[in-house]
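These notes concern the structure reproduced below.
All values below come from the heavy atoms of this structure, side chains included, with hydrogens, waters and symmetry mates left out. Counting starts at 1 for both ligands and their atoms, following the listed order. No experiment lies behind these values; they were computed from the predicted model shown.
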Amino acid sequence: MTQMNRMTTAEATVAALLAHGLDTIYALPGVHNDPLFDALYQVADRMRTVHARHEQGAAYLALGAALATAKPQAYAVVPGPGLLNSGAALLTAYGMNAPVLALIGQIRHDEIGRGFGHLHEICDQAGIIGRLVDHCAMIGGPGEAPALIAAAMRAMVTGRPGPAALECPIDVWGRDGSVGAISIPAPVPTPPIDEDAILAAARRLGAARRPLIVCGGGAQDAAQEIALIAHMLQAPVLGYRRGRGVLGSRDPLSITLPLGHELWREADVVLAVGTRLHVQQAVWGVDDDLAVIRIDANPDEPARFRVPAVGLVGDAKPILSRLLDVLPARNRTRPSRTAEMQERQAKTRRRLDKLKPQLAILGAIRAELPDDGIFVDEVTQVGFAARLALPVYSPRTFLSPGYQDNLGWGFATALGVQDARREVAVLSISGDGGFMYAANELATAIHHRIPLVTIVFNDGAFGNVRRIQQERYGNRLIACDLTNPDFVRFAESFGAAAVRVHTPDELRAALRRGFARRGGPTLIEMPVGPMPSPWEFIQMPRVRGG
Ligand SMILES: Cc1ncc(C[n+]2csc(CCOP(=O)(O)OP(=O)(O)O)c2C)c(N)n1
Ligand SMILES: [Mg+2]
């Protein structure tokens, strides 16, 4: 006989979250969710409720925590404006395949869709949520809450991972009823590996003369396997944005975009792991002399743009590990490419020297950020350069927003990273434009004692937009010059440590002090001038397929 307990929907939901191993919820309360917060109060010794100052902050913190831990994380917000305020972060979680669970309030269940004008009412909230995430449901009472949480948890990590959402009406959270023992369903078994495809991939890779491996975010948890295959094949490993750090930068086979573009032109077989391969296929081009092998968790992905030579669907790690069983027997003997790669890396560095101001700053950052420290990227000049030139030494230590590339994601996401990984050094970089999107969350950093170090590069402009207007629109400058607070005094007024630096050496000293300060946040403002354009290294021309 199953044991039944009387609980409210909110209590059952919280008990289920705890049973699934969550120990934190990022949140911003409101009347729709009062019983949920009361249930969180009851379990405050086991689950921290980290409240933010805007729903985008709550959702970005959850995203950062998910990216840092590779585990599901949750946030709770009120319906309507609360949901919409969290929307850009939810969209980013979708683009980044991050397991973020959104718990969203709702008006009374029996009045949904009737347009009475309830507080925070929004037309077809379920429809809106359904366009933002692949899995969503409405909690209808305490008895069904644990199973709905379990289904959401499973959906977030099955196939292509990603966010999920659960709505719960204002009159349902507080309703009580009997709830069975909370059980954790076994994970959905992974689909069997296609052995024919493994053999086909091994044959292609083993015979390849100029193999190349391209990594995306889906390769981050398969670093060991990628390194073994790369060395066996002497294949360079290209990582950009979400693929950086899979093969550490000290390895001469580890490359970024500019050298990747050169090698793409030369390649005869490409192994693409957990990447949409969008730039490579759509911009750099594909032709019949290039065999593309795709490994992806999403069954729709491999053939989306072009039918690959071989497609393998599932988690990268077990698939690559199976490939490693059969590849050695088929692999031709290969001379080391170390000398060639070192020379080509040096040549690429000389080309990138054009970005001197950015590189000097990145040098200071790398010198102070420990090897396992986490760098959170932004849509700013130093960020663009970091994607190309910051050495990255281990997986999940370079967090970049992927194809959304949404300005303003960085600071609040980095707060979530640091909140979830208190023991490691975390660095957030932002421009003055991006930082001000969520600068209010300095209050969250102080309140929850999050020891994040943040650099704000202050050029008084949406610098990227400004340079494009100068170069491509005859210097007709519009909507790009910014009026800023004094960032040091602004941060200090919250109670943060803050300092202004002018040179890479001063930056190094400030970073060292910031990383040593574990009791709360540090803001470093660095006034900068216009920086040389990185775009020739990012938007590169078609080199294959006419
Ligand atoms: C959500 C969003 N809105 C607008 C943009 C367009 N955009 C790209 S870069 C940029 C300016 C960035 O300014 P800042 O953060 O100061 O960095 P800087 O280029 O000056 O280093 C803008 C507005 C974007 N990428 N994302
Ligand atoms: Mg700027």
With backbone taken as N, CA, C and O and side chain as the heavy atoms from C-beta onward, which portion of V382 lies under 4.0 Å from ligand 1: side chain, backbone, both, or neither?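 Within the 4.0 Å criterion, V382 makes no contact with ligand 1.
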Find all atoms of ligand 1 within a distance of less than 4.0 Å from any non-hydrogen atom belonging to [X], and give their numbers and elements.
{"X": "N464", "result": "9 (S), 19 (O)"}
{"X": "D459", "result": "20 (O)"}
{"X": "V465", "result": "10 (C), 22 (C), 23 (C)"}
{"X": "T380", "result": "17 (O), 18 (P), 21 (O)"}
{"X": "D432", "result": "16 (O)"}

Tell me which N, O or S atom from D459 is the closest to the Mg ion (ligand 2).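 Considering only N, O and S atoms, D459 comes nearest to the Mg ion (ligand 2) through OD1.
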Specify which N/O/S atom of D432 comes nearest to the Mg ion (ligand 2), by atom name.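 Nearest to the Mg ion (ligand 2) within D432's N, O and S set: OD1.
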Which residue and non-hydrogen atom of the protein lie closest to [atom], and at what distance in Å?
{"atom": "atom 13 (O) of ligand 1", "value": "F462 CA, 3.4 Å"}
{"atom": "atom 20 (O) of ligand 1", "value": "G463 N, 2.7 Å"}
{"atom": "atom 8 (C) of ligand 1", "value": "V379 CG1, 3.9 Å"}
{"atom": "atom 14 (P) of ligand 1", "value": "G433 N, 3.6 Å"}

With rounding to the nearest 0.5 angstrom, report the CZ to CD1 distance, F375 to I365.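 The distance works out to 5.0 Å.
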Taking atom [atom1] of [X] as the centre, report whether more than 12 heavy atoms of other residues, nucleotides or ligands fall under 6.0 Å from it.
{"X": "K356", "atom1": "NZ", "answer": "no"}
{"X": "R489", "atom1": "CZ", "answer": "no"}
{"X": "R449", "atom1": "CZ", "answer": "no"}
{"X": "R518", "atom1": "CZ", "answer": "yes"}

Only one of D377, N97, T275, L399 passes side-chain contact (heavy atoms from CB on, under 4.5 Å) with R242; say which it is.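 With R242 as partner, D377, N97, T275, L399 yield a single side-chain contact (heavy atoms from CB on, under 4.5 Å), made by N97.
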Residues [X] and [Y]: side-chain donor-acceptor under 3.5 angstrom:
{"X": "R366", "Y": "Y393", "result": "no"}
{"X": "Q358", "Y": "Q381", "result": "no"}
{"X": "N458", "Y": "E525", "result": "yes"}
{"X": "Y75", "Y": "S86", "result": "yes"}
{"X": "R53", "Y": "N440", "result": "no"}

Look at A461 and state whether any of its N, O or S atoms is less than 2.8 Å from the Mg ion (ligand 2).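 Under 2.8 Å: A461 contacts the Mg ion (ligand 2) through an N, O or S atom.
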Name the option, out of G434, G410, G383, that contains the heavy atom nearest to atom 15 (O) of ligand 1.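 The nearest heavy atom belongs to G434.
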Can you check which of L91, L407, I429 brings a heavy atom nearest to atom 22 (C) of ligand 1?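 Comparing heavy atoms across L91, L407, I429, the nearest one to atom 22 (C) of ligand 1 lies in L407.
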Determine, using heavy atoms of Y437 and all atoms of ligand 1, whether some pair is separated by less than 4.0 Å.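 Yes; Y437 lies near enough to ligand 1 that a heavy-atom distance drops under 4.0 Å.
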Are any of the heavy atoms in A461 under 4.0 Å away from ligand 1?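 Yes, A461 has a heavy atom closer than 4.0 Å to ligand 1.
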Test of proximity, Q381 against ligand 1: N or O pairs below 3.5 Å: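 Checking ligand 1 against Q381, an N or O pair does fall under 3.5 Å apart.
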With a 4.5 Å cut-off on side-chain heavy atoms, are Y94 and L132 touching?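 No. Closest side-chain heavy atoms not under 4.5 Å.
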Can you check whether a protein heavy atom sits less than 4.0 angstrom from atom 24 (C) of ligand 1?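 For atom 24 (C) of ligand 1 the answer is yes, since some protein heavy atom falls inside 4.0 Å.
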